[in-house]
Amino acid sequence: MRVEVGQSLLELVEGDITQQDTEAVVNAANEQLRVGGGVDGAINRAGGPKIQEEARKIGHCPTGQAVITTGGNLKAKYVIHTVGPIYRDGRHGEPELLASAYRESLKMASARGIKSLAFPSLSTGVYGYPVADAAKIALKTVKDYLAEHPEIELVRFVLFGKPTYEAYARALEEI
Ligand code: ADP
């Protein structure tokens, strides 16, 4: 599924983010920037030790912010590491922090002249964010950003498994 937003493209695909040929892929990191499970483990396994070496030097990333490292052995040249919120009940700033994680990743891409990037579904794995709610926030935040930032040509959401893909496809139709 793909839509045009201004001069940019917003795509939804079902797949594995480690296989993407976008200039950057976004990692669902933790604040310690230590290798975890889920998409983080997959990116570090596929990209090799250089990613974690650079991440360790950076040391920390607050929730809602983003940092950047090499893509190591990935096709993507860069990994943008962002930290989504751990979901409690939706009344502890989770929506704002989730939107911030997407926005700060996009800002990092713009600042580095990165024209294409791939996002996973931030916070909806171990961090427990309900995917239908997270999908609306993710897509709205990215759409709003692209409308004002034509320098980013492509944002691709790489959704792991059909249920997550379908949740995003529904959300895209709704917003
Ligand atoms: P978080 O801690 O932010 O919740 P997770 O990595 O646990 O992050 O999960 C985020 C999303 O990434 C989940 O939807 C999970 O299914 C998905 N995911 C796991 N592995 C991959 C992968 N290789 N490519 C894309 N998405 C993945």
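As the structure lists them, so they are numbered: ligands from 1, and atoms in each ligand from 1. Everything quoted here is computed from the prediction, not taken from an experiment.
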*So, do Tyr127 and Tyr87 have ring centers that fall under 6.0 Å from each other?*
no
_I need the nearest protein heavy-atom contact for atom 12 (O) of ligand 1: residue, atom name and distance, please._
Val39 CB, 3.9 Å
*Applying ring-ring contact (aromatic ring centres under 6.0 Å, His included), name anything that partners His92, two or more places apart in sequence or on another chain.*
none
_Results of side chain to side chain contact (heavy atoms under 4.5 Å, CB included) for Val126 - residues two or more places apart only_ = none
*Looking only at heavy atoms, which two atoms of Gly72 and Lys50 are closest? And how far apart?*
CA-CB, 4.5 Å
*Considering only protein heavy atoms, which is closest to atom 3 (O) of ligand 1, and at what distance to one decimal place?*
Ser123 N, 2.9 Å
_Can you tell me how the ring of Tyr102 sits relative to the ring of Phe157, calling it parallel under 30°, perpendicular over 60° and tilted otherwise?_
tilted
_Could you check whether any heavy atom of Ser121 sits closer than 4.0 Å to an atom of ligand 1, since that is the contact criterion I want to use?_
yes
*Quick check: does any side chain N or O of Glu54 sit under 3.5 Å from a backbone N or O of Thr70, one acting as donor and the other as acceptor?*
yes
*More than 12 heavy atoms from other groups under 6.0 Å of CD on Glu31*: yes
*asked:* Using a 4.0 Å cut-off to any heavy atom of Ala28, which atoms of ligand 1 qualify?
replied: 3 (O), 8 (O)
*asked:* What I want to know is whether Val126 and ligand 1 share at least one N or O pair that is separated by under 3.5 angstrom.
replied: yes
_For atom 26 (N) of ligand 1, what is the closest protein heavy atom, and at what distance to 0.1 Å?_
Phe160 CB, 3.4 Å
*Distance to 0.1 Å, residue and atom name: give those for the protein heavy atom nearest to atom 25 (C) of ligand 1.*
Ile17 N, 3.6 Å
*Looking only at N/O atoms, are Thr18 and ligand 1 under 3.5 Å apart anywhere?*
no
*By number and element, which atoms of ligand 1 are closer than 4.0 Å to a non-hydrogen atom of Asp16?*
22 (C), 23 (N), 24 (N)
*Which of the atoms in ligand 1, numbered in the order shown and given with their element, are less than 4.0 Å from a heavy-atom of Ala42?*
23 (N)
*Backbone N or O of Ile137 within a donor-acceptor pair of the Asp133 side chain at under 3.5 Å?*
no
*Protein heavy-atom partner closest to atom 13 (C) of ligand 1 - residue, atom, separation in Å*: Thr124 OG1, 3.9 Å
